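From a predicted model like this one, the values you see are computed outputs, not experimental measurements.
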Amino acid sequence: MATGGLKRKNDSDNDVKAKKANNFWKGGLLTSMNDPDLQVFSDERITVIKDKYPKAKYHFLIMPKKNIPNLKSLKKEDIDLLKYMEEKGRELSKSSDAERQFRYGYHSIPSMSHLHLHVISQDFDSPCLKNKKHWNSFTTEYFIDSKDIIKTLEKTGKVEHESFHFTSLLKSDLRCHVCKKEIKTIPALKTHIQQHSYQVKTTDT
DNA sequence: GTTCTAGAAC
DNA sequence: GTTCTAGAAC
């Protein structure tokens with residue numbers, strides 16, 4: 001049928017347009033980098049912004065000015081830059097709240113383009129933390145410590161991993177990051193972690 | 001990455 | 001009936 005062929009062509013055109021429109025958000029970090037409301041620090045090598053949808057009381061993103069799309073594009077020559085980013089992150093968390101526990105790391109499979117180091121306090125106390133993917137992306141091995149990335153890069157000259165393993169981690173059962181207890185739902189988990197709020201301070205360990 | 005919302009789970 | 005999750009977004 002003639003209309004059949006025409007319809008298919010229009011559909012595929014629309015698919016291409018839709019895909020473009022639907023993927024536009026992936027570049028959002030480049031816009032956020034230059035947003036004065038989000039930017040907290042900038043020098044010749046890096047820009048630091050507040051995460052637009054923070055998943056804890058303190059949640060920063062540290063990005064190189066140099067265009068590094070993802071972990072896979074890292075080269076040995078970037079080791080100093082990665083160390084500098086982590087160091088800046090530690091300074092920043094100390095000046096934000098020296099008593100609070102933080103982690104410094106990368107998502108194994110980030111949603112957005114442009115390499116970004118997460119600097120995130122371990123209270124996970126935020127209305128923007130809403131679902132299983134949010135939780136598991138910061139509390140399972142999906143979150144890779146900066147130190148481990150640097151170690152791997154130093155040892156092997158690259159950072160690569162099997163994506164299926166990490167994708168499946170996002171679907172893991174919810175577990176408290178402090179006491180490892182399994183909690184059935186996000187609302188129950190959010191209530192539960194409040195009782196650990198004193199433990200995610202670094203003063204009395 | 002978020003928003004929206006259908007329908008699963010309770 | 002309400003809470004909660006999970007998949008589409010043209």
Side-chain angles (χ1 to χ4, degrees), chain A residues 3-40 46-65 67-73 85 89 103-121 123-144 146 149 161 163-177 181-194:
Chain A
T3 50
L6 188 64
K7 188 175 189 303
R8 268 197 300 278
K9 185 186 183 304
N10 287 340
D11 281 354
S12 65
D13 282 354
N14 289 338
D15 286 350
V16 171
K17 277 179 203 161
K19 201 169 189 182
K20 233 180 210 174
N22 289 341
N23 286 335
F24 189 70
W25 57 266
K26 285 194 176 181
L29 284 182
L30 294 149
T31 319
S32 297
M33 268 177 94
N34 299 310
D35 184 338
D37 289 338
L38 296 175
Q39 193 170 312
V40 298
I46 61 170
T47 297
V48 183
I49 62 169
K50 287 185 277 192
D51 192 294
K52 200 170 178 181
Y53 299 91
K55 305 303 185 295
K57 278 186 174 155
Y58 298 93
H59 186 183
F60 303 103
L61 302 179
I62 304 194
M63 289 172 286
K65 287 231 166 121
N67 180 37
I68 304 177
N70 49 49
L71 291 169
K72 207 177 169 180
S73 355
M85 287 163 64
R103 281 186 77 189
Y104 313 87
Y106 300 87
H107 279 155
S108 49
I109 308 169
S111 296
M112 306 183 91
S113 293
H114 207 96
L115 189 73
H116 50 286
L117 170 67
H118 289 273
V119 174
I120 185 163
S121 60
D123 48 80
F124 296 114
D125 177 6
S126 166
C128 299
L129 199 160
K130 293 178 174 172
N131 58 46
K132 183 178 261 193
K133 181 175 177 176
H134 291 154
W135 182 258
N136 284 337
S137 73
F138 287 101
T139 61
T140 68
E141 310 94 272
Y142 190 92
F143 187 89
I144 308 175
S146 169
I149 293 291
H161 29 55
S163 69
F164 182 77
H165 168 243
F166 291 100
T167 307
S168 64
L169 284 173
L170 294 177
K171 300 186 179 182
S172 317
D173 292 334
L174 298 170
R175 205 167 278 284
C176 171
H177 66 310
K181 187 183 177 201
E182 188 181 329
I183 314 280
K184 288 295 175 194
T185 67
I186 288 287
L189 179 63
K190 296 193 102 176
T191 304
H192 170 87
I193 60 176
Q194 286 174 24

Is there any salt bridge (charged side-chain N to carboxylate O under 4.0 Å, His left out) pair reaching into residues 103-119 of chain A, and which pairs are they, with sequence neighbours excluded? Arg103(A)-Asp145(A)

Do Tyr142(A) side-chain atoms and Ile109(A) backbone N/O form a donor-acceptor pair below 3.5 Å? yes

Categorize Lys171(A) for me: base, sugar-phosphate, or nothing, with a 4.0 angstrom heavy-atom threshold over every strand shown. nothing

Got a minute to check which stems DNA chain B is part of, using Watson-Crick or G-U wobble pairs under 3.5 Å, three or more consecutive? B:2-10 with C:1-9

With a non-hydrogen cut-off below 4.0 angstrom, is Lys52(A) in contact with a base, only sugar-phosphate, or nothing? nothing

Once you apply a heavy-atom cut-off of 4.0 Å, does Lys26(A) come out as touching a base, just sugar-phosphate, or nothing? nothing

Below 30° counts as parallel, above 60° as perpendicular, anything between as tilted: where do the rings of His118(A) and His107(A) land? tilted

side-chain contact (heavy atoms from CB on, under 4.5 Å) partners of Ser111(A), counting only residues at least two apart: Trp25(A), Lys133(A)

NA contact type, Leu29(A), heavy-atom cut-off 4.0 Å: base, sugar-phosphate, or nothing? nothing

Verify whether one side chain among Ser73(A) and Asn70(A) offers a donor that lies under 3.5 Å from an acceptor in the other. yes

Extract, from 5' to 3' on DNA chain B, the first and final nucleotides lying under 4.0 angstrom from some heavy atom of chain A. dG1(B) to dT3(B)

For Lys57(A), which residues count as a salt bridge (charged side-chain N to carboxylate O under 4.0 Å, His left out) partner, sequence neighbours excluded? Asp125(A)

Just call it for His134(A): base, sugar-phosphate, or nothing, with non-hydrogen atoms closer than 4.0 Å on any strand. sugar-phosphate

Taking the six-membered ring for Trp, are the ring centroids of His59(A) and Phe138(A) within less than 6.0 Å of each other? yes

Report which part of the nucleic acid Pro187(A) touches: base, sugar-phosphate, or nothing (heavy-atom distance under 4.0 Å, all strands). sugar-phosphate

Cut-off 3.5 Å, no hydrogens considered: what does the side-chain donor-acceptor table look like for residues 185-193 of chain A, sequence neighbours left out?
| unit_1 | atom_1 | unit_2 | atom_2 | d |
| --- | --- | --- | --- | --- |
| Thr185(A) | OG1 | Ala188(A) | N | 3.2 |
| Lys190(A) | NZ | Ser126(A) | O | 2.8 |
| Lys190(A) | NZ | Leu129(A) | O | 2.7 |
| Thr191(A) | OG1 | Pro187(A) | O | 3.0 |
| His192(A) | ND1 | Gln195(A) | OE1 | 3.3 |
| His192(A) | NE2 | His196(A) | NE2 | 3.2 |

